[in-house]
Amino acid sequence: MTPFQKLVYDKLKEVPRGRVTTYKALTEAIGSKAYRAVGNALKVNPMAPQVPCHRVVKANGSIGGFMGFKTGPAIDKKIKLLATEGVQVEKGIIQNFSSKLHQF
DNA sequence: GCGCTTATCGCAC
DNA sequence: GTGCGATAAGCGC
């Protein structure tokens, strides 16, 4: 694991249940502008359940992707999980996104 | 409003 | 040293 990834995971773990964050917010929170590098860090996420990578979305509120896939049954499952937590997702777009967005 | 291009940072090869 | 990526923001049409 790289130091950068550690920062990403640590910050991501600050996001409570029922909340989401964006690559932009997360990246700036760790003091960097490598949005794509953050996405890559989540992709190789070694602690999937611990690090809620499904709570990280794009700046416009869309899921963007998950584990390297933009669509698929796995995505739908995570979306369902998010719905259980209180975050409603419609076709990969966070509903009431502004209110669900967690601020560091 | 939609689509394309440029900017940026960290990591792997 | 070069290229790539789960992005972001700006510009042109």
Side-chain angles (χ1 to χ4, degrees):
Chain A
M1 177 181 316
T2 66
F4 180 75
Q5 288 178 327
K6 189 176 181 181
L7 287 174
V8 174
Y9 303 143
D10 188 57
K11 277 293 175 185
L12 184 54
K13 283 189 291 189
E14 284 185 25
V15 181
R17 184 188 76 97
R19 285 292 160 101
V20 295
T21 188
T22 65
Y23 292 102
K24 178 181 163 68
L26 183 59
T27 302
E28 292 182 347
I30 63 178
S32 185
K33 288 184 293 186
Y35 314 110
R36 295 173 7 189
V38 173
N40 186 52
L42 297 181
K43 183 173 64 174
V44 298
N45 179 1
M47 317 178 280
Q50 253 177 93
V51 182
C53 43
H54 55 280
R55 288 185 192 151
V56 184
V57 298
K58 293 179 68 169
N60 67 338
S62 65
I63 291 293
F66 192 76
M67 290 173 66
F69 295 96
K70 292 190 292 258
T71 57
I75 308 285
D76 187 58
K77 194 170 185 176
K78 297 301 178 185
I79 289 175
K80 199 171 183 178
L81 178 60
L82 282 173
T84 302
E85 294 184 346
V87 181
Q88 299 161 287
V89 183
E90 186 72 29
K91 295 186 61 173
I93 308 298
I94 304 292
Q95 301 301 300
N96 200 11
F97 174 61
S98 299
S99 299
K100 305 294 183 187
L101 181 60
H102 175 75
Q103 300 174 85
F104 293 101

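This is a predicted model, so every value here is computed, not measured. We name chains A, B, ... by the order of the sequence lines, and we start the count at 1 in each one.
- When Watson-Crick and G-U wobble pairs are counted only if both distances are under 3.5 Å, dA6(C) pairs with no nucleotide at all.
- Lys100(A) places a side-chain N or O within donor-acceptor distance of the main-chain N or O of Gly86(A), the cut-off being under 3.5 Å.
- Partner assigned to dT8(B) is none, using Watson-Crick or G-U wobble distances below 3.5 angstrom.
- For the pair Lys33(A) and dT8(B), the criterion of a side-chain N or O lying under 4.0 Å from OP1 or OP2 is not met.
- Here dA6(C) presents its P atom at 18 Å from NZ of Lys78(A), a figure rounded to the nearest Å.
- With distances taken from any side-chain atom of Ala37(A) to the nucleotides dA6(C), dC9(B), dC11(B), the minimum falls on dC9(B).
- Comparing atom distances between the Thr2(A) side chain and each of dC11(B), dA8(C), dA7(B) picks out dC11(B) as nearest.
- A straight line from CE of Met67(A) to P of dG5(C) spans 18 Å, rounded to a whole angstrom.
- With rounding to whole Å, Lys24(A) atom NZ is found 13 Å from dC9(B) atom P.
- Of the candidate nucleotides dA6(C), dC11(B), dC9(B), dC9(B) has the atom nearest to the side chain of Ser32(A).
- Phe4(A) comes within contact range of the sugar-phosphate backbone alone, with a heavy-atom separation under 4.0 Å but no base atom that close.
- On a pure distance criterion of 3.5 Å, no polar donor-acceptor pair joins the side chain of Tyr35(A) and the base of dA8(C).
- Across the protein-nucleic acid pair, Ile30(A) atom CD1 and dT8(B) atom C1' stand 13 Å apart, rounded to whole Å.
- Atoms CG (Asn40(A)) and C1' (dA8(C)) sit 17 Å apart, rounded to a whole Å.
- Among the nucleotides dC11(B), dT7(C), dG5(C), the one closest to the side chain of Lys58(A) is dT7(C).
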Report the C-alpha distance between Glu85(A) and Arg55(A) in whole Å, list the side-chain angles of each, state the deciding distance to 0.1 Å, and finish with yes or no for salt bridge (Lys or Arg N to Asp or Glu O under 4.0 Å).
CA-CA 11 Å; Glu85(A) 294 184 346; Arg55(A) 288 185 192 151; 2.8 Å; yes
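- Nearest to the side-chain atoms of Phe66(A) among the listed nucleotides dC11(B), dA6(C), dT7(C) stands dA6(C).
- When Tyr23(A), Tyr35(A), Phe104(A) are each tested for a side chain to side chain contact (heavy atoms under 4.5 Å, CB included) with Glu28(A), only one passes: Tyr35(A).
- Across the protein-nucleic acid pair, Lys43(A) atom NZ and dA12(B) atom P stand 11 Å apart, rounded to whole Å.
- Between the CG atom of Leu42(A) and the C1' atom of dC4(C) there is a distance of 16 Å, given to the nearest Å.
- For the pair Asn45(A) (side chain) and Cys53(A) (backbone), a donor-acceptor distance under 3.5 Å is absent.
- Heavy-atom contacts from other residues, nucleotides or ligands closer than 6.0 Å to NZ of Lys78(A) number 12 or fewer.
- The CZ-P distance, from Arg36(A) to dG10(B), rounds to 13 Å in whole Å.
- When each of Asn60(A) and Ala34(A) is assigned the nucleotide of DNA chain C with its nearest heavy atom, Ala34(A) is the one assigned upstream, toward the 5' end.
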